[in-house]
Amino acid sequence: MRYWLMKSEPDEFSIDDLKRVKREGWSGVRNYQARNFMRDEMKCGDMILFYHSSCRPPGVAGIAKVSKESHPDPSAFNQKSAYYDEKSSPEKPRWFMVEVEFVEKFKKYVTLDEIKERKTLSQMKVIQKGSRLSITPVTKKEFDTICKMGQA
DNA sequence: GCCAACGTTGGC
DNA sequence: GCCAACGTTGGC
């Protein structure tokens, strides 16, 4: 089993939204690296740190898991969608998504500042300067550490 | 709102 | 295939 961090802007879709709907297709990703993770590497049962970005303060809000593996992202075929891509078609899809399922909301929100303060988390992509990738792998140790911080 | 970092586009 | 211009992300 692997571990991931996925960013979401809480104004668009927050951990509370995921809790309410239980499962959500992770559509709209239009970055090749993130797509490749979803298409090729994310498996059912993989655990996800649900990260709130572009908000104050940014940080990890809870846990989700992969509930459905790679399938074409239909928003790319929808001309009315903000994520429409004329180069993607049902016959030859360019963009893929996974579905994620709510697991828990942290008792304590783990802020980006707190992550930066921990030496053992210094390798995490999300704290590297200029890192914009919305889906990144994390190690089990990193995952477990942040989970513990979230229970405090 | 600013701006650094990064990804994508397109002319050559 | 290079690289300048442009657009986006996302912390601050």
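Note on naming: letters A, B, ... go to the chains in the order of the sequence lines (proteins, then strands), and numbering restarts at 1 for each one. Quick caveat: nothing in here was measured; it's all calculated off a predicted structure.
Rounded to an integer number of Å, the gap from NZ of A/Lys125 to C1' of C/dT9 is 18 Å. Spacing between atom CZ of A/Arg35 and atom P of B/dT8 amounts to 10 Å, rounded to whole angstrom units. As a whole-Å value, the separation of A/Glu12 CD from C/dG10 P is 12 Å. One can place NE2 of A/His52 at 13 Å from P of C/dG10, the figure rounded to the nearest angstrom. As rounded to whole Å, 9 Å separates atom C1' of B/dT9 from atom NZ of A/Lys87. One atom, CG of A/Leu133, and another, C1' of C/dT8, lie 14 Å apart when rounded to the nearest Å. Computed from coordinates, the A/Ile135 CD1 to C/dT9 P distance equals 14 Å when rounded to whole Å. Taking atom CZ on A/Arg132 and atom P on C/dT8, their separation rounds to 10 Å, with Å as the unit.
Phosphate proximity of C/dC12 to A/Lys116: present, with a side-chain N or O under 4.0 Å from OP1 or OP2. The phosphate of C/dG10 (OP1 or OP2) has a side-chain N or O of A/Lys7 nearer than 4.0 angstrom. A sub-4.0 Å separation between OP1 or OP2 of B/dC6 and a side-chain N or O of A/Tyr32 is absent.
Aromatic ring centres of A/Phe96 and A/Trp26 lie farther apart than the 6.0 Å criterion allows.
Under the 4.0 Å criterion applied to side-chain N and carboxylate O atoms, A/Asp16 and A/Lys105 are assigned as salt-bridge partners.
The side chain of A/Arg56 has C/dC12 as its nearest neighbour among B/dA4, C/dC12, C/dG10. Taking only side-chain atoms of A/Asp113, from C-beta outward, the nucleotide of C/dC12, B/dA5, C/dG11 with the closest atom is C/dC12.
A 6.0 Å sphere centred on OH of A/Tyr83 holds no more than 12 heavy atoms belonging to other residues, nucleotides or ligands.
Side-chain atoms of A/Asn78 and A/Ser75 form no donor-acceptor pair, as typed in the model, at a separation below 3.5 Å.
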